[in-house]
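Computation of the quantities below employed the complete heavy-atom set of this structure, encompassing side-chain atoms and omitting hydrogens, waters and symmetry-equivalent molecules.
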Amino acid sequence: MGIARTFQNLALYAGASTMENILTGRHFQNKQNIFLQMIWFGPARKEEIRQRRIAEEILDFLEIEHIRYAPVGSLPYGLRKRVELARALALEPSLLLVDEPMAG
């Protein structure tokens, strides 16, 4: 519906890296067949590269490129809030609801 939000209580995948968390926000933007995505073939490979490029732009915008491969569970609270904001921005919403953005 074009709405994304961040939560007061963080809702991130703690065992996944920052990039992987952002890419979960890009999941709904994938246009390719799930079977092509599973074997990473043809157009699915190009789509994956495009999604990663967009995720890199979000990392640069929020200035968190230095934690791209760090597990989110090992990050301080303030950086986790930024990762959650990055994941919300990855959805490309027309409306972004932010609950306590400056906490931490």
Side-chain angles (χ1 to χ4, degrees):
M1 295 181 63
I3 299 174
R5 76 175 290 242
T6 62
F7 297 91
Q8 181 177 359
N9 296 327
L10 297 173
L12 296 169
Y13 299 108
S17 71
T18 300
M19 177 63 86
E20 291 166 341
N21 270 280
I22 295 172
L23 288 173
T24 59
R26 298 290 311 159
H27 177 71
F28 290 110
Q29 308 298 332
N30 283 336
K31 308 279 191 261
Q32 296 303 316
N33 183 324
I34 184 122
F35 297 111
L36 288 176
Q37 289 178 15
M38 286 177 18
I39 60 173
W40 207 55
F41 178 75
R45 180 179 292 186
K46 290 178 186 174
E47 181 72 17
E48 174 77 15
I49 292 168
R50 187 177 79 78
Q51 300 297 351
R52 286 185 176 273
R53 190 175 300 125
I54 293 168
E56 288 287 341
E57 290 174 5
I58 294 169
L59 283 168
D60 291 341
F61 176 71
L62 294 175
E63 299 178 354
I64 55 174
E65 59 274 344
H66 62 284
I67 59 168
R68 128 185 337 110
Y69 301 115
V72 172
S74 68
L75 298 174
Y77 185 76
L79 286 175
R80 283 193 241 172
K81 289 294 278 185
R82 279 202 217 172
V83 173
E84 188 173 43
L85 178 60
R87 189 173 65 179
L89 288 173
L91 289 168
E92 298 179 3
S94 54
L95 177 64
L96 179 62
L97 303 173
V98 184
D99 186 11
E100 294 189 12
M102 300 307 286

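With respect to Glu48 and Arg52, a salt bridge is recorded, a charged nitrogen being found less than 4.0 Å from a carboxylate O.
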Would you list the atom pairs, donor with acceptor, under 3.5 Å between side chains in residues 57-64 and any protein atom, with sequence neighbours excluded?
none

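With rounding to the nearest 0.5 Å, the separation of CG in Leu89 from CZ in Arg87 is 11.5 Å. Taking CG of Leu85 as the start and CG of Leu79 as the end, the distance is 12.0 Å to the nearest 0.5 Å.
Among residues at least two apart or in separate chains, salt bridge (Lys or Arg N to Asp or Glu O under 4.0 Å) pairs with a member in residues 66-78 are Glu56-Arg68.
Taking all atoms of both residues into account, the shortest heavy-atom contact from Leu75 to Arg80 is O-NE, 2.9 Å. Residue Pro93 comes nearest to Ala88 through the heavy atom pair CD-O, 3.5 Å, listed as atom of the first residue, atom of the second, then distance. Closest of all the heavy-atom pairs between Ala55 and Ile22 is CB-CG2, 3.7 Å.
With sequence neighbours left out, the side-chain contact (heavy atoms from CB on, under 4.5 Å) criterion links Pro71 to Ser74. Shown here are the side-chain contact (heavy atoms from CB on, under 4.5 Å) partners of Ala16, two or more places apart in sequence or in another chain: Tyr13, Glu20, Asn21.
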